[in-house]
Amino acid sequence: MKITSVILAAGKGTRMRSSLPKVLHPILGQPMLWYAIETSRAVTQATPVVVVGYDAEQVREVVGDDVRYVLQEEQLGTGHAVQRADSVLRGKADYILVTYGDMPLVSEDTLKSLVNAQQAHDGPISVLTAVADDPRGFGRIVRDADGDVLAIVEEALATPEQLAIRELNTGVFCFTADWLWDALDRIELSPKGEYYLTDLVEIAISEGRSVQAIQVEDPSEMIGINTRVHLAEATAMMQQRINQKWMLDGVTIQDPQTVYIEPGVTIGRDTVLAPNTHLRGETHIGEACIVGPNTIIQDSQMGNRCEVLNSVVEGAVIEDDVDIGPFGHLRKGAHLASGVHMGNFGEVKNSYLGPGTKMGHFSYLGDATIGSDVNIGAGTITCNYDGVQKHPTEIGDEVFIGSDTMLVAPLKLGHGARTGAGAVVTKDVKDKTLVVGMPARAIRKLT
Ligand code: UD1
Ligand code: CA
């Protein structure tokens, strides 16, 4: 049985008051539409079809080619939007799951239960409903005396009695595909000039078919985002959901309200996340690390037993037993091998620091390859940029760089070399040689 999802995302989202299409507003680093796509992909095991309209080009560009798009040029209603998918899906799927680009919190379990219910159902429609105290804006589920579903009535068209109904249309449906494509043609224009998907319920009933309503367990999953207030609420709920998952997997989060973990992150057991920690992008944190307080880690890989305090780490690889900070900054291409110590006010970009190397205090290393057990004195700087080009620095094992050394690249320092405090090194230094001064010159061969 093949199931494919159709995700409606053609609306402008006027109430966001934004030049960005509503479905592209991010929640924890991903456009809100991404969540609807990934959840429905997981449930259907098929490539979702996304109905785009307002600023379709930008939506495609941001969301990428992992989905199929159909264009709804004019927003003539939810029924019209689903009908746009007819040309790409007719005959290709047995069931159609309809979801929305602005409902990021709908869970995989909820969609699965709807799909399972429809697969076991004789009639052509299962609709997901929510019972809520505040029904404003939602379509009402109208049932007969036996409790069978008769219709979905939009709020604007509802009678006072219908307005009192507390069972609401979430908008999420699972349809039998063969029935759906033909029935969509039978929807009539509403008084508001739209083709309502919800009219399919009455169409099915009038044909003597049955419609099944499946009530969602947790109505908060059904929050649709219309304003930036809703956006913040949904972000908080997603944050809480992700944090709870990691806590149950063995990660300590000291103050979950201030810890933001994006969906592409993985974290090992017994790691502690201190307050105000942000783990972003494709980041992996190993076991038994301590991260934060006040730390941002983006698109980086970290081994086990590392400690990062008050630091910003972007695009870096950190092996085991490394400690960083306070106030460290690792930039793209930084690679700290196991046991590296990087103390306060250090910056490392596009550089490898070998095992056991220490860089204790305010230094900058850029485009450098540094061996093992090197000591980088306070205030050391790789002068890697001559105003036109970047140049590399190579430092051998067990080198000792004196405080305030300027390493003017391109430059090589041999194994066991030393520099005196304040040296400005402009020429390569041989193995086991001490250089001092400005520009630095060799004063003795070391043993
Ligand atoms: C719809 C339902 C209502 C339900 C509510 C739940 C209909 C007629 N009504 O109402 O019963 O309680 O959702 O939130 O279905 N969209 C398109 N193209 C269109 C129209 C809409 O892609 O032509 C998309 C929008 O971008 C949005 C979603 O469909 O993501 C829902 O559309 P909206 O106009 O907000 O429907 P509601 O009036 O909220
Ligand atoms: Ca809506």
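Ligands are counted one by one from 1 in listed order, and the atoms in each one are counted from 1 as well.
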Within-cut-off N or O pair, G137 and ligand 1, under 3.5 Å: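 No; the residue has no nitrogen or oxygen that sits under 3.5 Å from a nitrogen or oxygen of the ligand.
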May I ask you to check if ligand 1 and E154 share an N or O to N or O distance below 3.5 Å?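 By distance alone, the answer is yes.
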May I ask you to list the atoms of ligand 1 that are less than 4.0 angstrom from any heavy atom of [X]?
X: Q75; value: 18 (N), 19 (C), 23 (O)
X: T170; value: 6 (C)
X: L76; value: 23 (O)
X: L8; value: 22 (O), 24 (C), 29 (O), 30 (O)
X: G139; value: 3 (C), 4 (C), 11 (O), 12 (O)

In chain order, what residues pass the side-chain contact (heavy atoms from CB on, under 4.5 Å) check against H278, with sequence neighbours excluded? Y260, N276, R280, I296
Sequence neighbours excluded, which residues qualify as side-chain contact (heavy atoms from CB on, under 4.5 Å) partners of T44? I3, S5, A46, L97
For ligand 1, is any non-hydrogen atom under 4.0 Å from [X]'s backbone (N, CA, C, O), its side chain (CB onward), both, or neither?
X: E194; answer: neither
X: V51; answer: neither
X: A10; answer: both
X: V23; answer: neither
X: Y100; answer: side chain
X: D102; answer: side chain
X: Q72; answer: side chain

Going by side-chain contact (heavy atoms from CB on, under 4.5 Å), L273 matches just one of D255, I261, T252. Which one?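 Single pass found, and it is I261.
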[X] with [Y]: basic N within carboxylate O range, under 4.0 Å:
X: R305; Y: E287; result: no
X: E314; Y: K332; result: no
X: R186; Y: D182; result: no
X: K22; Y: D102; result: yes

For side-chain hydrogen bond (donor to acceptor under 3.5 Å, both in side chains), just list the numbers for E217 and T110, CA-CA rounded to whole Å, side-chain angles, deciding distance to a tenth of an Å, and then say yes or no. CA-CA 8 Å; E217 276 175 34; T110 297; over 6 Å; no
Indicate whether any N or O donor in one side chain lies under 3.5 Å from an N or O acceptor in the other, for [X] and [Y].
X: E394; Y: T369; answer: no
X: E194; Y: H80; answer: no
X: S220; Y: D218; answer: yes

Among I187, N169, I141, which one has a heavy atom closest to atom 4 (C) of ligand 1? N169
Give the single entry among G77, G101, A9, G224 that approaches atom 23 (O) of ligand 1 most closely by any heavy atom. G77
Check whether any heavy atom of L168 sits under 4.0 Å from an atom of ligand 1.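 Contact absent.
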